[in-house]
Amino acid sequence: MSAGVNKRVLPGFGLSLGFTLVYLSLIVLIPLSAVFLKSSAMTWDEFWSAVTAPRVVASYQLTFGASFLAACINAVFGLLLAWGLTRYTFPGRKIVDALIDLPFALPTAVAGIALTAIYAKNGWIGSLLDPLGIKIAFGPAGVLVALIFIGLPFVVRTVQPVLEDLETEFEEAAASLGANRWTAFKRVVFPTLLPALTTGFALAFARAVGEYGSVIFIAGNIPMVSEITPLIIITKLEQFDYRGATAIAAVMLVISFVMLLIVNALQAWNAHRFGRTV
Amino acid sequence: MAAATIDARLHGAGKFEVNPATRDSRWVKIAVLGVGLTYFLIFLLLPLIAVFAEAFRKGAETYFSALVEPDALSAVKLTLLAAAIAVPLNLVFGLAAAWAIAKFEFPGKNLLITLIDLPFSVSPVVAGLIYVLVFGRQGWFGPWLLDHDIKIIFAVPAIVLATIFVTFPFIARELIPLMQAQGKDEEEAAISLGASGIQTFLRVTIPNVKWALLYGVILCNARAMGEFGAVSVVSGHIRGETNTMPLYVEILYNEYQFAAAFAVASLLALLALVTLALKTYVEWRANKHVVEGQGQ
């Protein structure tokens with residue numbers, strides 16, 4: 001048997017690839033292209049004034065600012081949690097580990113009303129903060145809390161496998177060369193974790209930018225103050241301003257594509273750095 | 001010492017704690033766990049507890065009566081229906097995509113993998129909007145659908161479509177890397193021994209990927225039942241007709257029926273807990289599968 005004859009032993013290439021492409025096009029690509037085709041039907045001035053109206057710009061600032069801050073906070077505490085879960089034994093570790101993924105499994109609307117109940121003035125945490133003059137729910141801080149919740153698993157889950165597979169030899173070498181634990185972490189462990197940490201950060205940020213369900217209950221949705229961009233799209237749709245909604249959606253889509261490329265590049269860096277393909 | 005090493009290996013995290021080079025001081029451990037677990041408690045555990053506490057605040061009777069409301073039951077039915085259509089379709093898609101990508105070489109493969117992941121990076125609100133642009137009254141097929149009296153937007157078909165979109169990559173992205181890593185040797189052996197394509201697929205491929213498949217289905221189902229943003233845009237919020245459970249939670253909440261809203265929400269929270277439990281079990285089984293496979 002020559003290799004040439006055997007090139008395609010397995011059947012079903014045409015069928016499986018054909019189905020994949022048709023399904024992908026019908027469900028994802030063609031509907032997504034509607035956003036750009038509808039936007040291109042607008043004049044440039046019309047498009048520009050829709051996407052740069054003061055209320056819309058204020059929503060970008062809130063959405064991106066809060067998403068960035070939430071991703072930073074999750075990077076710090078996510079690293080701490082990943083470290084605790086992989087390096088230490090403590091009672092309840094497996095339960096904590098399993099519950100880290102709760103934000104992936106809990107519907108966002110449920111998270112939204114639960115967080116609102118906790119952080120409102122009469123809630124479990126809100127009532128503790130209220131005497132100090134700190135208001136979380138129904139303002140920009142509420143948006144931040146919701147985005148922290150939904151972004152929490154990303155950094156933990158990207159850093160954890162790297163920490164688990166990390167050979168102890170590097171730290172042993174560092175210790176034998178006289179480095180203390182902090183120096184060993186800073187100079188040996190942390191650089192190894194950096195690609196995973198950045199990937200987790202980018203994933204949390206990308207998820208937060210588009211988030212809607214968990215935010216709208218706790219945000220208060222005050223125009224110019226605590227109104228996120230996805231909510232503006234919904235508001236415009238409800239007012240039958242399809243062009244305005246589409247223009248803003250086009251901006252958000254372009255940003256999602258850029259984020260997707262960045263995440264892909266980071267994951268390639270991660271795989272290269274760590275020598276693994278997962 | 002040898003016994004201690006073996007014991008530590010068995011316990012995973014323990015191996016770092018017996019090795020002096022990787023052992024942190026007691027105070028570091030207390031500080032890291034103290035801060036990390038407080039963060040976990042405040043941002044993750046409290047919301048989960050709050051759902052059940054608020055649901056039962058007015059007693060068990062109010063709780064159960066909120067769940068047997070006709071509107072609640074129809075929301076449950078619609079949620080189950082959307083998941084029952086979206087999950088199998090995305091399952092077939094995931095298997096087809098993974099088969100094509102893992103078993104054959106063709107140009108543009110990496111682009112295809114990236115495009116399959118695309119729905120994850122699209123905001124749920126935009127995911128809903130795109131179907132309004134295609135099927136809505138002012139959309140591409142709007143006038144035609146109106147003439148033929150077919151309702152897609154603000155009706156069940158759009159809810160199903162939006163659900164399919166947001167859960168699109170879940171099963172494919174579990175299967176593709178696994179099937180790529182497994183290669184095609186086993187399938188080729190089966191074919192050369194005279195098995196048909198279907199037999200090979202069912203008897204060789206599926207058993208090899210069953211845990212990843214199940215894992216993808218569990219996550220896909222959880223998202224399908226819990227999706228809010230995308231479904232909210234296309235639903236029209238007609239009580240008893242186009243409300244899924246998450247949308248019904250929102251309506252009750254906005255009507256200040258907090259106990260009822262949290263009662264329905266608690267069902268979704270239970271679903272989330274079951275999802276996490278199943279997911280942990282499947283991860284455990286899949287690991288065992290790998291370890292046993294290596295032992296043979």
Side-chain angles (χ1 to χ4, degrees), chain A residues 9-13 16-17 19-20 23-24 27-28 31-32 34-35 38 77 80-81 83-84 86-90 96 98-99 101-102 105-111 113-115 117-118 124 148-149 152 168 171-172 175 181 206 210 212-213 230 233-234 242 245 249 252-253 256 259-260 264, chain B residues 13-14 16-17 19 21-22 24 29 32-33 35-36 39-40 43-44 46-48 50-51 54 93 96-97 99-100 103-104 114-115 118-119 121-126 129-131 133-134 138 164-165 168 184 187-188 191 197 222 226 228-229 246 249-250 253 261 265 268-269 272 275-276 280:
Chain A
V9 178
L10 299 180
F13 175 64
S16 61
L17 186 64
F19 178 76
T20 301
Y23 190 73
L24 178 70
I27 299 288
V28 179
L32 275 180
V35 171
K38 291 263 172 185
F77 290 94
L80 220 56
L81 268 173
W83 187 269
T86 43
R87 289 297 177 110
Y88 307 138
T89 47
F90 59 92
V96 173
L99 279 177
D101 282 331
L102 182 71
L106 193 70
T108 52
V110 177
I113 63 171
L115 288 167
I118 294 170
W124 291 340
I148 287 175
F149 174 84
L152 201 149
T168 54
E171 285 161 81
E172 281 160 9
R181 286 294 294 144
Y212 173 73
I233 296 178
I234 296 237
Y242 288 93
M252 291 209 68
L253 263 184
S256 330
M259 285 306 302
L260 183 67
N264 274 358
Chain B
F16 296 107
E17 290 193 317
N19 187 334
T22 54
D24 292 328
K29 178 176 171 177
V32 168
L33 285 182
V35 174
Y39 188 73
F40 169 83
F43 285 101
L44 270 188
L46 276 186
L48 182 64
V51 173
E54 295 286 332
F93 162 72
W99 181 262
K103 309 293 177 194
F104 303 97
T114 306
L115 287 177
L118 195 59
S121 41
V122 173
S123 170
V125 170
V126 177
L129 170 76
I130 59 176
Y131 293 108
L133 295 180
V134 174
Q138 309 201 2
I164 294 175
F165 183 95
F168 187 86
K184 52 186 177 182
E187 280 87 356
E188 284 182 348
I191 295 278
F228 177 72
V249 168
E250 183 197 21
Y253 190 83
L268 291 166
T275 300
L276 291 183
T280 310

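Throughout, protein chains are lettered first and strands after them, A, B, ... in sequence-line order, and every chain is numbered starting at 1. Owing to the predicted nature of the structure, the values given are computational and were not obtained by experimental measurement.
Interface summary for chain B: among V110(A), N264(A), I113(A), the most heavy-atom pairs under 4.5 angstrom belong to I113(A). In terms of heavy-atom pairs under 4.5 Å with chain A, the best-connected choice from G229(B), P47(B), A269(B) is P47(B). Comparing L118(B), T280(B), V249(B) by heavy-atom pairs within less than 4.5 Å of chain A, the highest count is held by L118(B).
Contacts between Y253(B) and chain A at a heavy-atom distance below 4.5 Å involve the side chain alone, from C-beta outward. In this structure, the portions of D101(A) lying under 4.5 Å from any heavy atom of chain B include both its backbone and its side chain. The part of L152(A) that comes within reach of chain B is its side chain, from C-beta onward, which places non-hydrogen atoms under 4.5 angstrom from that chain. Residue contact with chain A, scored on non-hydrogen atoms closer than 4.5 Å, involves the side chain of I191(B) exclusively. Using a 4.5 Å cut-off between heavy atoms, V126(B) touches chain A through its side chain atoms alone. Contacts of Y131(B) with chain A are made by side-chain atoms alone, with heavy-atom separations under 4.5 Å and no backbone atom involved. Interface remark: A98(A) contributes backbone and side-chain atoms alike to the contact with chain B (heavy atom separation under 4.5 Å). Residue Q138(B) touches chain A through both its backbone and its side chain, counting heavy-atom pairs closer than 4.5 Å. Looking at A114(A), both its backbone and its side chain come within 4.5 Å of chain B, counting heavy atoms on both sides. With a 4.5 angstrom heavy-atom cutoff, L253(A) touches chain B only via side-chain atoms. For F168(B), the part lying near chain A is the side chain, with the backbone staying farther off; criterion is any non-hydrogen pair under 4.5 Å. For A111(A), no part lies under 4.5 angstrom from a heavy atom of chain B.
Rounding to the nearest 0.5 Å places NZ of K184(B) at 6.5 Å from CG of L10(A). Note: I27(A) CD1 to I164(B) CD1 = 4.5 Å, rounded to the nearest 0.5 Å. I118(A) CD1 to F43(B) CZ: the interatomic distance, rounded to the nearest 0.5 Å, is 10.0 Å. In this structure, F165(B) CZ and L32(A) CG are separated by 4.5 Å, a value rounded to the nearest 0.5 Å. Once rounded to the nearest 0.5 Å, the distance linking CH2 of W124(A) with CD of E54(B) reads 7.0 Å. If you take OH on Y39(B) and CG on L81(A), they are separated by 8.0 Å, rounding to the nearest 0.5 Å.
Classified by interplanar angle (parallel below 30°, tilted 30° to 60°, perpendicular above 60°), the ring pair F93(B)/F19(A) is tilted. Note on ring orientation: taking the six-membered ring where Trp is involved, the planes of F104(B) and F13(A) are tilted (angle from 30° to 60°).
By the 4.5 Å heavy-atom criterion applied to side chains, L133(B) and P31(A) are not counted as neighbours.
Residues G84(A) and L33(B) approach most closely at CA-CD2, 3.9 Å, considering heavy atoms. In plain terms, the two heavy atoms of S123(B) and G210(A) that are nearest each other are OG-O, 2.8 Å. Among all heavy-atom pairs drawn from L44(B) and L99(A), the shortest one is CD1-O, 3.7 Å. Between P119(B) and V28(A), the shortest heavy-atom distance links the atoms CG-CG2, 3.8 Å. Contact record, A272(B) with A105(A): CB-O, 3.4 Å, taken as the closest heavy-atom pair. Heavy atoms only, all atoms of each residue included: F16(B) and T168(A) are closest at CE2-CG2, 3.7 Å.
Remark: side-chain polar atoms of S256(A) are paired, donor with acceptor, to backbone N or O of S121(B) under 3.5 angstrom. When atom types are taken as modelled, the side chain of K38(A) and the backbone of I130(B) share no donor-acceptor pair closer than 3.5 angstrom.
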Given the rule in the side-chain contact (heavy atoms from CB on, under 4.5 Å) test, do L106(A) and L268(B) qualify, once you have shown the distances and angles that lead to the verdict? CA-CA 7 Å; L106(A) 193 70; L268(B) 291 166; 5.8 Å; no
